There are 2 protein chains.
Amino acid sequence: MKIDPKSSADLSAQIAKAIRDAIVGGEMIVDERLPSETELCDQFDVSRSTVREALKRLAAQNLIRTQRGATGGAFVRRLSYDEAQAQHVTTSTLLLSMNAVDFETACEARFALERACAPLSAERRTPDNLATMRAEIHRQGQPGLSDERFCDSDVAFHRALVDGAGNPVLSYQLAGAVEAMQPLMNMITFTQRNRDQIINLHTQIADALEAQNGVRADTALAELSDYTLTLGRQAMEARANRAK
Amino acid sequence: MKIDPKSSADLSAQIAKAIRDAIVGGEMIVDERLPSETELCDQFDVSRSTVREALKRLAAQNLIRTQRGATGGAFVRRLSYDEAQAQHVTTSTLLLSMNAVDFETACEARFALERACAPLSAERRTPDNLATMRAEIHRQGQPGLSDERFCDSDVAFHRALVDGAGNPVLSYQLAGAVEAMQPLMNMITFTQRNRDQIINLHTQIADALEAQNGVRADTALAELSDYTLTLGRQAMEARANRAK
DNA sequence: AGTGTTTAATTGTCTGACATTTTAAATCGC
DNA sequence: GCGATTTAAAATGTCAGACAATTAAACACT
């Protein structure tokens, strides 16, 4: 691990990169201890503040964890699915909001991804997954449910659908994408009629998955995609009119 | 933005979280300047080192950029598609390697995602996308190409396929997933026969997309998925035998 | 008006100190 | 000898103050 003192970049960034490369490149294994801050000072020939700033950068990326005390220090951290997904959601949410991605693009991406796992989910969904879907459908029908809670339940429903595929990597990728969509979905006002139609389609999807009929699940998802797109367009129009 | 001095967590982590929430929550817009380090010291009532460590955490997540000099400071950074994707790739790669995700799971996820955009790509692919695919197919047939370069070209081919859907959000999600798979793919040794078969399927996919035939593209992708899975299984077995 | 020069603001780095936390060793009492 | 307590050591977390480097604006001079 070497750094270039002549480089214009910040020293702390260079050091972070050097250590990150070592971790990502497999030179350090999970739970292995990094040299102490003082030792890193000697290795890179910089002050402790600089080393610490570098370590904080790595900590922010969930690459290391630190422990205080005699046997403490910085340790290579195992990235869990949950953490990875949380990071994915944060990144995606920010990307969507900062780049003013329109509803249609995001919605299309979301349903395209979800349809990707419909066949797998039809094949492998567990009774647990089905129960979750049914429970969320029931919740969606409750009177007096706020739009925001309705969206929460919608996300939970789709999460169960995705988990039904029994592929944790797929779940991580898709759940991140679906969750990131939520702020956009929250701009929609769901009338009772809208909700009834969505619940109807959710039921069709759950039924199809229970019957292990991938094609029917896909068809219902396609319909749900179209319907959501329509609702989104209406919401955008209403918003545009209000702005006038 | 407030922090809790009684909390056990690191002050720098709390401060980073407070600022992050403000940015993600839309309280600060792109290119807006954060208070200077000294001002933040006063606001949060901590020392400058602590503030700096917090800012480095945010910089590591691409949330801010810093500039030196008179009109310098920390600014909210616009997250670009490329950066978001790079982050996604890093996270996914690390997740796969650290959790010893097996080839089959990753491969299944990858192709399920790719098949998600086949219909859209068939509908919208540009002549540019098609040209890229043809060029990569040609490259894949060149004699003397190393396995690694072959994989690179494979990724480029699929990247063009995904981009063909004309949905940047989808591209970001999928390209990240596909690229993260590459280290696993690189463990495979591609014989001439393997390559011929893959090139054949790639050609079928390109032909189907050119003809705007989504179903045929999907079929070819499914076949490619099965074939890649088989190759991966063989590679894993060979590796297991060598280990004995 | 144009052109250097100074100055002020801001981040980047260094040094040294002290606080806090945690473990391991040393000590003490029995 | 052994258990309990105390002490010491190692490590991260925080603070304070200084200086370096960079940049843009204000200023002075021609």
Side-chain angles (χ1 to χ4, degrees), chain A residues 1-20 22-23 28 31-77, chain B residues 1-20 22-23 28 31-77:
Chain A
M1 293 195 286
K2 287 282 151 58
I3 57 171
D4 174 17
K6 291 180 295 288
S7 166
S8 63
D10 292 356
L11 288 175
S12 69
Q14 288 183 58
I15 293 171
K17 182 174 185 314
I19 300 177
R20 179 165 45 246
I23 295 175
M28 307 200 66
D31 287 333
E32 186 174 341
R33 184 178 177 277
L34 272 69
S36 75
E37 295 180 353
T38 317
E39 286 169 318
L40 288 172
C41 293
D42 293 343
Q43 272 189 38
F44 291 111
D45 200 32
V46 294
S47 75
R48 206 179 139 214
S49 351
T50 306
V51 165
R52 278 183 65 78
E53 286 175 13
L55 292 178
K56 292 312 154 201
R57 293 179 118 110
L58 299 176
Q61 299 178 294
N62 286 319
L63 281 172
I64 59 169
R65 65 190 154 77
T66 53
Q67 255 179 2
R68 302 225 278 199
T71 57
F75 299 84
V76 178
R77 184 171 178 172
Chain B
M1 291 198 287
K2 287 284 153 53
I3 58 171
D4 174 16
K6 291 182 295 287
S7 165
S8 63
D10 291 356
L11 288 175
S12 70
Q14 288 182 61
I15 293 171
K17 183 176 184 315
I19 300 176
R20 178 164 45 242
I23 295 176
M28 308 200 66
D31 287 333
E32 188 175 341
R33 183 177 177 279
L34 272 70
S36 75
E37 294 179 354
T38 318
E39 286 169 318
L40 288 172
C41 292
D42 292 343
Q43 273 189 38
F44 291 110
D45 200 33
V46 295
S47 73
R48 205 178 142 217
S49 344
T50 307
V51 165
R52 280 185 63 77
E53 286 174 14
L55 292 178
K56 293 312 154 203
R57 294 178 116 111
L58 300 176
Q61 298 178 295
N62 286 319
L63 282 172
I64 59 168
R65 67 191 152 77
T66 55
Q67 253 179 1
R68 301 224 276 198
T71 58
F75 299 83
V76 177
R77 181 168 182 175

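Model, not experiment: these values are computed from the prediction. Each chain gets a letter, A, B and so on, in the order the sequences are listed, and its residues count up from 1.
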Checklist entry - Heavy-atom count around D45(B) CG within 6.0 Å, excluding the residue itself: above 12? => result no
Nearest 0.5 angstrom please: [X] [atom1] to [Y] [atom2], how far?
X: S49(A); Y: E53(B); atom1: OG; atom2: CD; value: 8.5 Å
X: R57(B); Y: D10(B); atom1: CZ; atom2: CG; value: 6.0 Å
X: M28(B); Y: R20(B); atom1: CE; atom2: CZ; value: 14.5 Å
X: I19(B); Y: L63(B); atom1: CD1; atom2: CG; value: 10.0 Å
X: C41(B); Y: R52(B); atom1: SG; atom2: CZ; value: 10.0 Å

Item to check | 4.5 Å side-chain heavy-atom contact, Q43(A) and L40(A) | outcome: yes
Without decimals, in angstroms, what is the distance between [X] [atom1] and [N] [atom2]?
X: R52(B); N: dC15(D); atom1: CZ; atom2: P; answer: 15 Å
X: E37(B); N: dA16(D); atom1: CD; atom2: P; answer: 15 Å
X: L40(A); N: dA11(D); atom1: CG; atom2: C1'; answer: 12 Å

Next on the checklist: At a heavy-atom distance below 4.0 Å, what parts of residues 55-69 of chain B sit against DNA chain D?
Outcome noted: R68(B), G69(B)
Checklist entry - When you match S49(A) and A70(B) each to their closest nucleotide on DNA chain C, which lands nearer the 5' end? => result A70(B)
Item to check | Start and end of chain A contact along DNA chain C [non-hydrogen atoms, under 4.0 Å] | outcome: dG12(C) to dT23(C)
Next on the checklist: For a quick test of reading the model: is some side-chain N or O of R48(B) closer than 4.0 Å to OP1 or OP2 of dA16(D)?
Outcome noted: no
Checklist entry - T71(B) or G72(A): which one's nearest nucleotide on DNA chain D is closer to the 5' end? => result G72(A)
State which residues pass side chain to side chain contact (heavy atoms under 4.5 Å, CB included) with [X]; sequence neighbours excluded, sorted by chain then number.
X: T38(B); value: S36(B)
X: R65(B); value: D31(B), Q67(B), F75(B), R77(B)
X: T71(A); value: none

Checklist entry - Taking all atoms of both residues into account, what is the closest heavy-atom pair of I64(B) and L55(B), and its distance? => result CD1-O, 3.5 Å
Checklist entry - What would the secondary structure line of DNA chain C be in dot-bracket form, counting Watson-Crick and G-U wobble pairs under 3.5 Å, with [ ] for pairs that cross earlier ones and | for pairs with another strand? => result ||||||||||||||||||||||||||||||
